[in-house]
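The model shown is predicted, which means the values in this text are computed figures rather than measured ones. Any value given below was found using the heavy atoms of this structure, including those in side chains, with hydrogens, waters and symmetry copies removed.
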Amino acid sequence: MLIDFFFTVKDAGVPASIKEFLTLLEAMDKQVIAPSMDEFYYLSRLTLVKDEANFDKFDRAFGAYFKGIDTIFEKKPEIPLEWLLKKLERELTPEQKAALEKFGYDKLMDRLKQLLEEQKERHEGGSKWIGTGGVSPFGHGGYNPEGIRIGGVGKNRSAVKVWDAREYKDYDGERELGTRNIKVALRRLRKFAREGLEEELALDDTIRATASNAGYLDIRMQPERKNNIKVLMLFDVGGSMDDHIARTEELFSASRTEFKNMEFFYFHNCVYDYLWKNNRRRHAERFPTWDVLRKYTPDTKLIFVGDATMSPYEVAQPGGSVEYNNAEAGAVWLQRFTATFPHFAWLNPEPEGLWQYRQSIALIRQLMNERMFPLTIDGLERAMRLLSK
């Protein structure tokens, strides 16, 4: 009975394998969960989904297969938040609750479609519209023996369907980054080493020592593993990058947390013979680019962050900078960086669909050996995998 479910998950883009499906069937056969749809959801997600970037795809496939609320609409409509803000809650007697009518699944769905076409404003305390605090089958914060909960939290456990919040939609690999998931993507770039005092349990050593000690517990400790990857990040600031400040700040903050050995500098549009640390003092406190190139070892991971959107002359010609008369072209400096640090990538916050219309992006992609990635979860993960090699 679950074969069609497996193929529904596969068709949704979740790379689940036959082996993982057999694991799910084995778990069901051994009754590791109670006969509950909620527990089956978590078990099937645990066995079939290897990467949290696919949680949202799995949620949609699960909802579609088990006839979730999404499947009654070609495109799920948005319900205004104001309609769902609870301001009152009716107290019903047991007799009043018993008198409420049950509609049945098909009638509920048809009625919900009709209300979404007709309703134009917020309602509360009623029995007909989508709202709060009443006895309507649609909404939350009230009571109905058989309804569709929209918003809010479950209380009476009587809803036949729940309007999905899609908790994991931000994990989707095609979505742009946010504070919720950016650190998860960055963690793919790791190089662990054990450093410092003995701070964590050495499980394998403890098992071996205990077995050698006739079963008496012999705890062994070892230094904590720390990510000692070295990262140099160069951020484009100003001009067209002002449109991407929020996401770039999120990336910067998450990177400082994830990479303990991280250095950063700023540049504008393209790298030339100076970089800086303080954007407000960019003309007064500059660092010669040659010093940066010589300071860091070749095993440092180099990450450029910028939209690569500028005049092509800023990349290709001496004197092309919009700020001063640079003696050497930006392309020359980019080639020096890529030659000094073999592990490099460029993260671009511009939507990938626009790259083909920017001549400067094409130039920089060529200079980066096509190592330019969009600032989405999928793009960042691909960049981290490349840098991990």
Taking side chain as C-beta onward, heavy atoms only, is [X] less than 4.5 Å from [Y]?
X    : Y    : answer
P374 : R382 : yes
F259 : I229 : yes
T289 : W333 : yes
P318 : E328 : no
E314 : N326 : no
H343 : L386 : no
I303 : L387 : yes
L367 : T338 : no

Ring-ring centroid check [X] [Y], cutoff 6.0 Å:
X    : Y    : result
F287 : Y274 : no
F21  : F7   : no
F235 : F304 : no
F264 : Y266 : yes

Measuring from [X]:[atom1] to [Y]:[atom2], what's the distance to the nearest 0.5 Å?
X    : Y    : atom1 : atom2 : value
R45  : K50  : CZ    : NZ    : 14.5 Å
K57  : D11  : NZ    : CG    : 13.5 Å
K295 : L232 : NZ    : CG    : 10.0 Å
S255 : L380 : OG    : CG    : 8.0 Å
D273 : D291 : CG    : CG    : 11.5 Å
H244 : E249 : NE2   : CD    : 13.5 Å

Look only at the side chain of [X] and the backbone of [Y], and say whether a donor-acceptor pair between them is shorter than 3.5 Å.
X    : Y    : answer
S212 : A209 : no
S44  : Y41  : yes
T340 : R336 : yes
T210 : T206 : yes
R247 : L375 : yes
E20  : S17  : yes

Return the orientation label for the Y324 and Y272 ring planes: parallel under 30°, perpendicular over 60°, tilted otherwise.
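The rings of Y324 and Y272 stand perpendicular, inter-plane angle above 60°.
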
Taking the six-membered ring for Trp, are F62 and F40 parallel (under 30°), tilted (30 to 60°) or perpendicular (over 60°)?
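Rings of F62 and F40: tilted, as their planes differ by 30° to 60°.
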
Worked verdict on K301 versus F341 for side-chain contact (heavy atoms from CB on, under 4.5 Å):
CA-CA 7 Å; K301 313 297 184 180; F341 306 107; over 6 Å; no

Say whether [X] and [Y] are linked into one hydrophobic cluster, either directly or through other cluster members, by side-chain heavy-atom distances under 4.5 angstrom.
X    : Y    : value
V332 : L302 : no
Y313 : L334 : no
W276 : I245 : no
M28  : L46  : no
L2   : F58  : yes

Closest heavy-atom contact between [X] and [Y]?
X    : Y    : answer
P298 : P342 : O-CD, 3.4 Å
N325 : G319 : OD1-CA, 3.2 Å
L48  : V14  : O-CG1, 3.9 Å
A308 : S360 : O-OG, 2.5 Å
A12  : A61  : CB-CB, 3.7 Å

Apart from Y216 itself, which Ile, Leu, Val, Met, Phe, Trp or Tyr residues share its cluster (side-chain heavy atoms under 4.5 Å, direct or through members)?
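ILVMFWY cluster around Y216 holds nothing else.
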
Going by side-chain hydrogen bond (donor to acceptor under 3.5 Å, both in side chains), name the residues that satisfy it together with E370, two or more places apart in sequence or in a different chain.
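With sequence neighbours excluded, E370 shows a side-chain hydrogen bond (donor to acceptor under 3.5 Å, both in side chains) to R365, given in chain and number order.
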
Let's go through I361 and T309 carefully: what are the C-alpha distance in whole Å and the side-chain angles of both, what is the deciding distance for side-chain contact (heavy atoms from CB on, under 4.5 Å) to 0.1 Å, and is it a yes or a no?
CA-CA 6 Å; I361 292 181; T309 299; 4.1 Å; yes

Applying side-chain contact (heavy atoms from CB on, under 4.5 Å), run through V32 and E26 and close with a yes or a no.
CA-CA 9 Å; V32 301; E26 182 181 1; over 6 Å; no

Just do the side-chain contact (heavy atoms from CB on, under 4.5 Å) check on K19 and L22 with the steps written out, would you?
CA-CA 5 Å; K19 182 178 180 180; L22 293 176; 5.6 Å; no

Only one of F337, F373, F344 passes side-chain contact (heavy atoms from CB on, under 4.5 Å) with M368; say which it is.
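Filter result, single survivor: F344.
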
Compile the donor-acceptor pairs under 3.5 Å between side chains in residues 236-243 and protein atoms, sequence neighbours left out, one pair per line.
{"residue": "D236", "atom": "OD1", "partner": "N269", "partner atom": "N", "Å": "2.8"}
{"residue": "S240", "atom": "OG", "partner": "D307", "partner atom": "OD1", "Å": "3.4"}
{"residue": "S240", "atom": "OG", "partner": "D307", "partner atom": "OD2", "Å": "2.5"}

Can you tell whether the side chains of K230 and E263 come within less than 4.0 Å, N to carboxylate O?
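No, no charged N to carboxylate O under 4.0 Å.
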
Is any NZ, NE, NH1 or NH2 atom of the basic residue among R220 and D218 found under 4.0 Å from an Asp or Glu carboxylate oxygen of the other?
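Salt bridge flag = yes for D218 with R220.
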
Within a reach of under 6.0 Å around CD1 of I219, are more than 12 heavy atoms found that belong to other residues, nucleotides or ligands?
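Incorrect, the count does not exceed 12.
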
May I ask you to check whether over 12 heavy atoms, not counting those of E39, lie within 6.0 Å of atom CD?
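More than 12 heavy atoms, drawn from other residues, nucleotides or ligands, come within 6.0 Å of this atom.
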
Quick one: do the T376 and D378 side chains pair a donor with an acceptor below 3.5 Å?
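There is no such pair (donor and acceptor under 3.5 Å, judged by atom type) between the side chains of T376 and D378.
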
